[in-house]
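Working notes, beginning with the structure itself.
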Amino acid sequence: MQVHQEKKTAKFRISFIFLFIFASFAACFALYMRSDSDGAVPSVKTVEEEKEASTGESYEADGSAVKSVVNPVPLGKKADETYFDSAAFIVMNQLNGLADYKVVPKENMLSGDFLLEELSTETESFINGNSFENYYIMAGINDLDNIGAGLDGLKRLTDAIAEKNPDAGVYILSLMPVTAKLENDSVSNVKISAFNSELLEFANENGVHYLDLNTYFVGNDGKLPETKTESVGNRLKRDVYLEIGDYLLTHIADKKS
């Protein structure tokens, strides 16, 4: 007797389709969540950002490069005192003692009780009439109640120096602390500290150097010790001016920065 065998055919079930679609969807969703777990949204880089990434420099809105600097300038090997022969000082009257005690040449110093927000004719003449390798700026005690205008003036001052001598080093000196005797509503160590923080930020943003004299001389109480000053006004003692000179000679920025 001949037995007929039926061919077995695969039974097709629609439930398999739904299972496959569900598994694919789940896998894709898991990959998406994994890649987006930090919530970051891809951004389009500007031309300036692309340049910063490739060169390590930051750029102004007009496309000009801002030099990378290390601030505050760290302690280094002491330079010879002849270094000051090619350094200019645009500073408050408080630093007159640097010239009086022959730490720096008197002809290299322009001092006064001026506002940073005002770029005087005298200051412009001093910058344009001389050529120095380095410029030291310490001003702003009269700008404490209008820091924004003071920083705008400082920008005009540093730009004028850069236009006259693009290769010159520019150093912003922090304001010194004041003694308890000299503190008042207009001039306080709290305001001075706030202004110095703005100066540091300004220096970093504009590629100039910052020297933190305030931290170097401030006492444990946040004020300048009375022993550092003469009996009248904010005039410092001779030893303090010599100390400032040593500080400047040991805090000179690397030429590469």
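Computed from a predicted model, the values in this text were never measured in an experiment. The first residue of the sequence shown is numbered 1, and numbering continues consecutively from there.
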[X] atom [atom1]: more than 12 heavy-atom contacts under 6.0 Å:
{"X": "D185", "atom1": "CG", "result": "no"}
{"X": "E163", "atom1": "CD", "result": "no"}
{"X": "K181", "atom1": "NZ", "result": "no"}

Distance from [X] atom [atom1] to [Y] atom [atom2], nearest 0.5 Å?
{"X": "L95", "Y": "R235", "atom1": "CG", "atom2": "CZ", "result": "10.0 Å"}
{"X": "L154", "Y": "L199", "atom1": "CG", "atom2": "CG", "result": "6.5 Å"}
{"X": "H209", "Y": "Y135", "atom1": "NE2", "atom2": "OH", "result": "14.0 Å"}
{"X": "N189", "Y": "N196", "atom1": "CG", "atom2": "CG", "result": "10.0 Å"}
{"X": "Y101", "Y": "L236", "atom1": "OH", "atom2": "CG", "result": "9.5 Å"}
{"X": "E201", "Y": "N206", "atom1": "CD", "atom2": "CG", "result": "10.0 Å"}

Item to check | same_hphob_cluster(Y210, V218) at 4.5 Å side-chain heavy-atom cutoff | outcome: no

Item to check | In one Ile/Leu/Val/Met/Phe/Trp/Tyr side-chain cluster, 4.5 Å: I90, F84 | outcome: yes

Checklist outcome for this item: The complete set of salt bridge (charged side-chain N to carboxylate O under 4.0 Å, His left out) pairs with one or both residues in residues 144-154, sequence neighbours excluded, reads D145-K191

Would you mind reporting whether [Y] and [X] have side-chain heavy atoms less than 4.5 Å apart?
{"X": "N134", "Y": "Y83", "result": "yes"}
{"X": "M92", "Y": "I141", "result": "yes"}
{"X": "V69", "Y": "V208", "result": "no"}
{"X": "Y136", "Y": "V104", "result": "no"}
{"X": "M138", "Y": "Q94", "result": "yes"}
{"X": "L182", "Y": "N234", "result": "yes"}
{"X": "I192", "Y": "L144", "result": "yes"}

Checklist entry - For I137, which of V91, L157, L173 qualifies under side-chain contact (heavy atoms from CB on, under 4.5 Å)? => result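 So the option named by the test is L157.
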
Next on the checklist: Show, in sequence, the C-alpha distance, side-chain angles and deciding distance for N214 and M176, and conclude whether the side-chain contact (heavy atoms from CB on, under 4.5 Å) test is met.
Outcome noted: CA-CA 5 Å; N214 189 286; M176 296 275 288; 5.7 Å; no

Item to check | Ring-ring centroid check Y247 Y216, cutoff 6.0 Å | outcome: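 Yes, the ring centres sit under 6.0 Å apart.
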
Item to check | salt bridge (Lys or Arg N to Asp or Glu O under 4.0 Å) between D100 and R238, worked out | outcome: CA-CA 9 Å; D100 294 340; R238 177 179 181 276; over 6 Å; no

For residues [X] and [Y], report the shortest heavy-atom separation together with the two atoms involved.
{"X": "F132", "Y": "A168", "result": "O-CB, 3.7 Å"}
{"X": "L248", "Y": "F89", "result": "CD1-CE2, 3.7 Å"}
{"X": "L200", "Y": "N71", "result": "CD1-CB, 3.7 Å"}
{"X": "L249", "Y": "E81", "result": "CD1-CG, 3.9 Å"}
{"X": "A79", "Y": "I252", "result": "CB-CD1, 3.4 Å"}
{"X": "H251", "Y": "Y171", "result": "O-CE2, 4.0 Å"}

Partners passing side chain to side chain donor-acceptor pair (under 3.5 Å) against [X] (at least two apart in sequence or in another chain):
{"X": "D159", "value": "K155"}
{"X": "T82", "value": "D80"}
{"X": "S188", "value": "none"}

Checklist entry - Quick one: does S174's side chain have a donor or acceptor within less than 3.5 Å of a partner on L213's backbone? => result yes

Next on the checklist: Between K78 (side chain only) and T250 (backbone N and O only), is there a donor and an acceptor less than 3.5 Å apart?
Outcome noted: no

Anything under 3.5 Å between a donor and an acceptor, one on a side chain of residues 112-120, the other on a protein residue two or more places apart or in another chain? List them.
unit_1: D113; atom_1: OD1; unit_2: N142; atom_2: ND2; d: 2.9
unit_1: S120; atom_1: OG; unit_2: T123; atom_2: N; d: 3.1
unit_1: S120; atom_1: OG; unit_2: T123; atom_2: OG1; d: 2.8

Checklist entry - Applying side chain to side chain donor-acceptor pair (under 3.5 Å), which residue pairs with at least one partner in residues 223-233 are found, sequence neighbours left out? => result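 For residues 223-233: E183-K223.
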
Next on the checklist: Pair Y241, N96 - check side chain to side chain donor-acceptor pair (under 3.5 Å), show working.
Outcome noted: CA-CA 9 Å; Y241 289 115; N96 278 345; over 6 Å; no

Checklist entry - Could you walk me through whether I244 and L98 pass the side-chain contact (heavy atoms from CB on, under 4.5 Å) check? => result CA-CA 8 Å; I244 292 174; L98 290 176; 4.1 Å; yes

Item to check | Step-by-step side chain to side chain donor-acceptor pair (under 3.5 Å) determination, T215 to D212 | outcome: CA-CA 6 Å; T215 298; D212 191 3; 2.6 Å; yes

